[in-house]
Amino acid sequence: MGAHDQRPSFYEGQFLSAADLDAAVSYPRVQQARHQLGAHTWGIATGLTLLERPAPGAPDRVEVIVQPGLAWDGFGRSLVIERPQRLDEALFESIAYAAAVDAQPPVGSGSGRLVKLWMRYDELAVRPPQPGFEPCGDGDTHARVQESFAFGMGDQPGNGTLRANVTVGAVNTPAENALTSFDAAAPTLWDSSVPHQTFPEEGRPPVWWLPLGLVRWVARDGALGYFARRDLVKSDNAADRARALRRYVGTVAQNIESADGAVVVHRRDENPLLANRLAKLLASGYKWDDLKKDLLWVEGHARIVGDAKLAGGALLLRDGDGGERKTPLYVSRWGDHQLADGARELRVAIGPDTQIDNRLVVGPELPGASPANLAPRLVVTSGAGPTKKDAEGRVGVNTRDPAAALEVRGDWDGAEDGALRLSGSKPTLRFAGGGDEADAQWIAQLGDKGQGQWRLAVRTQPGQWAPAITATTAQRVGIGTDAPTGRLTVEGLLQPQQGKLSIFTAGADIEYDGGGDQLFVVRQAPAGVTSLQGMKLGVETAAPAHKVHVKGDRIRLESTDGLKVVDLRADGSQVDLQSETSHLYLRSTTPAAQGAPVRHVVVNAFPEDGLVGIGRVPVSAKLEVDGPVRLGPLAALFAMGCNRAIRAVIGAVDAGGNAAANLQFSCARTGMGNYTVNFAPAFAAPPVVLATPIDSSNDDNLLTVRNVTAASFQVIVRDVVNAAAQASNTPEPQDGAFSFVAFGAA
C-alpha cells in the first residue's frame, strides 16, 4: 500500500502538521476512488447531455449547453457540473475553414462537420496565504484546491493523449494492461478501470478524457464559426454516433443480493409506476409473496449476446402482469427426472387440452397491424372442433386454419418449388393404417427400383413391397409391375396367368403376351358405355381402312341368353349374314315420338351397285325373286309382273298442262285441249297408257290418247260447255284436266 492508504490516527496533545491534515483528506478520497473503479467502471453516472438551443446569426445556428451531471474518470476523480454550462465557440476556432462543407451554396448554408466533444478533470490552487505569512520553502502554499473540469474537442483533444498511463507498483502502463503487465496470461482489462493503482497526488493532474458526444461546427472564412443543429444532415446519423461515443459507468460484481426477494432492472428515465411494473403491481394490491417468486424483473426489453440457458425450468410466456389467463404457454425441457441419458423432449405448450382454438404460429411479421400479425408459415392448432377427430389438433404450412391433420399450401408458378418436397437418397413417404385399416401399409417412393423411378407399393409382408403403380423418367406407367415396357403396362396380380398388357410399346400400340389362359377380357360391372371416337379400329389388321376393320372369317353377335346368334361370315367364296338360331330381321325403325318414318331399308341403291336376289342368285335385274311375292298387310295380294320387268308412271295434269315435278314425266299444252306427256326417263318400249278426265262439270267430256311411244304420248280432251251458257247459244269445247297411268317395260 502507498502512503495515501495510511488511515490517520490521532491522539490527545498531538502536534498536527499539514501532512497529517492532508492524510486525513487523502485517505477517504483514495478509498472512494478505489470503490468507484473497483465496484464500478469509469464513465458518466448521470446527466452531462448536450442541449441545443436556437441562436441568431445564421441558418440552423444553435448554442450548445452541457447539462448538469456527474462522472468519474480512470483515476477515480469526480467530474461534476452543478449548473448548465454554455459551450464556448472559441474552443473550436482552430478548425480551419473548408468551403466544401462550410460554404455550400447559397453562401452561409454550409452544413459543417461533426466534431467530438470531451471533458476532463482539472484543478486550480486557490486561497494563497496572506502577505507576510508565506512559508520559507518552495512548496505549494495554497489553502484550497478547486476541483474543476475542462472541455476538449476533436479526435485527439488537448495534446493528443486521450488517457494517461496508470501506475501499478513500480510499473507505468496503459490502464487496459494493468493485469497483463504482470501476467501475460491474464485477460486484458477492456474497461480500463484499475482500482489497485497508485493514484496521482502532486503536480499537474494527468489527463483522462471523458467523451460527451458530438456537436456540429460550421467554420467561417476570416471569422469565428458557429454551432449548427447536430441532425442537420440526416445521413450523418448524428444521434446514433453521439450515443456510441458516450460512455456510462458500469457495475462490477459477481453476486447481486436481493434486499427483499426481487431485483428490478429498469430504465432510469422511466416511471417505475408504469403498467406491469413491480411497483405498480404492488400499489395495485398484488401479493408480495406471489411477486417475489420472480427474483429478477427486467422492466423493458432484454438482449442476450451468446447463449441463454434455462436450467431446470421453462420459458413461461405470460401477459403483461405475469399471469397466464388460464392459457399456459411455455417452452420447457422434459425427461431429466430419468437417470439414463437420452429420451428427452423439448415441449412447447399452447394451452390446456380443454381449449381447442389456441395456435402456435411461426412466420414473418405482416405490416399494417398493431400488434403485428404473422404470416402463417407454420401453424399448430390445439384443436379444430368439439369432436374427437377435430380435437386431435392440426398442422398447417402457409395456412392459418388447416383443414386436415396436415395441410400444406404452396402455389405452383413454374419456379420448381411446389407445395411439398421430399429429398434425399430414395426419398420415401410411408402410410401406415391401424387395425381399422387391416394394418395396411403403403409407401410412395423415388429411386428404389431404378434411377428416378417413382412407385406406389403395398407391403405384403415385413420387408417386402409389391408395386401398385410405377412411373419412370421415360414417361412410362406400370400397374402391378416395376418394369413397364410401354406407355402403360398392366400386369395381373390376383390372377398372374392372365399375363401382361402394355400400351404404346416400341413394337405396338397395345401389346398382350397372352397369359396362361389365352384370354383377353374387357368387362364393365355394372354395365356402362365404352366409346371409341375419332379413330379406326382394326382386328387382326394393322392398317384398318374403315372405322371398324375385321380381318377374319366371322363376326358374331350373340344374345345374353345364348339363344340367338347372328354371324357375319366371310369364309369360302361367299359373304354371309347368317342366323342359325332365329329369324333374321332387317329393320329401320323410327320411334313413334319422331312422327312420320324417315328411316328406310335400302339395298344396292346406286347404278354401279350389284343386284339383289331373294331365293336365287340374281342374273340381270336389280331385284330378282324366285317364288311368289305377297303384298299388303294381310299378305293376300301377289306382286304384279313377277315374270316381267314392269315400270309404272302415274301422274295428273291440270287444264293448263301443269303437273307436279319429279314424277318421271313432264307435260306441255299444245292447243285447245291438246297435251303432250314426255317420260323422263323413257320406257324401254311403248307402254300401255290409261287416261281419264278429272272433275268434268258435265257428262259430255271427251278424251283420247294418241301417238304412244317409249318417250311420250298425246292426250286430246274436250270439255263441252252447255249451249245455254254461251252468248252464241252454241256448244264450244274447253281445256280439261286429266290423270293417267302408263305401264311398260323398264
Side-chain angles (χ1 to χ4, degrees), residues 475-481 484-492 495 497-594 597-618 622-624:
Q475 295 86 50
R476 295 179 178 179
V477 176
I479 298 178
T481 176
T485 56
R487 280 287 184 256
L488 173 63
T489 298
V490 181
E491 186 167 337
Q495 301 182 42
Q497 70 274 16
Q498 290 185 352
K500 183 186 297 184
L501 171 67
S502 296
I503 298 178
F504 301 129
T505 69
D509 290 343
I510 299 178
E511 187 175 282
Y512 178 52
D513 68 2
D517 59 0
Q518 297 296 313
L519 291 177
F520 186 9
V521 179
V522 177
R523 176 181 293 120
Q524 284 188 319
V529 175
T530 299
S531 176
L532 302 178
Q533 301 184 24
M535 62 178 291
K536 295 177 180 179
L537 176 61
V539 179
E540 290 291 342
T541 176
H546 302 285
K547 288 295 183 181
V548 179
H549 187 164
V550 179
K551 193 170 184 178
D553 59 4
R554 185 174 298 200
I555 298 177
R556 170 161 291 194
L557 175 64
E558 183 177 357
S559 63
T560 55
D561 57 9
L563 298 178
K564 298 179 180 180
V565 176
V566 176
D567 289 344
L568 181 60
R569 302 178 57 179
D571 48 353
S573 60
Q574 310 298 327
V575 176
D576 300 334
L577 180 60
Q578 176 182 351
S579 173
E580 299 175 345
T581 57
S582 61
H583 302 298
L584 180 61
Y585 291 87
L586 293 179
R587 304 176 62 194
S588 178
T589 304
T590 299
Q594 295 187 10
V598 295
R599 292 171 175 82
H600 311 280
V601 175
V602 180
V603 180
N604 283 354
F606 300 100
E608 63 272 16
D609 293 343
L611 308 179
V612 177
I614 298 178
R616 62 173 291 168
V617 175
K622 180 63 83 170
L623 174 63
E624 298 186 21

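Heavy atoms only: backbone and side chains are in, while hydrogens, waters and symmetry mates are out.
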Can you tell if the side chain of T489 reaches within under 4.5 Å of the side chain of V477, non-hydrogen atoms only?
-> no

Does a side-chain heavy-atom distance below 4.5 Å link L563 with T581?
-> no

Would a distance-only check, ignoring hydrogens and angles, find a side-chain to backbone donor-acceptor pair under 3.5 Å from S559 to K564?
-> yes

If you measure from [atom1] on [X] to [atom2] on [Y], what distance do you get to the nearest 0.5 Å?
X    : Y    : atom1 : atom2 : result
R476 : R487 : CZ    : CZ    : 7.0 Å
D553 : D576 : CG    : CG    : 11.0 Å
K551 : T541 : NZ    : OG1   : 5.5 Å

Are D571 and R569 ion-paired here, with the side-chain N under 4.0 Å from a carboxylate O?
-> yes

Is there a side chain to side chain contact (heavy atoms under 4.5 Å, CB included) between L488 and I479 once you walk through the steps?
-> CA-CA 8 Å; L488 173 63; I479 298 178; 4.1 Å; yes

Minimum heavy-atom separation for R587 to V601, with atom names?
-> C-CG2, 4.1 Å

Exercise: identify the closest heavy-atom pair between G552 and A570 = O-CB, 4.0 Å

Would you tabulate the side-chain donor-acceptor contacts of residues 602-615 under 3.5 Å, counting partners in other chains and residues two or more places apart, or write 'none'?
unit_1	atom_1	unit_2	atom_2	d
N604	ND2	G610	O	2.7
N604	ND2	L611	O	3.4
D609	OD2	A605	N	3.2
D609	OD2	F606	N	2.9

K622 NZ: over 12 foreign heavy atoms closer than 6.0 Å | yes

Once the angle between the rings of H583 and Y585 is folded into 0 to 90°, is it parallel (under 30°), tilted (30 to 60°) or perpendicular (over 60°)?
-> perpendicular

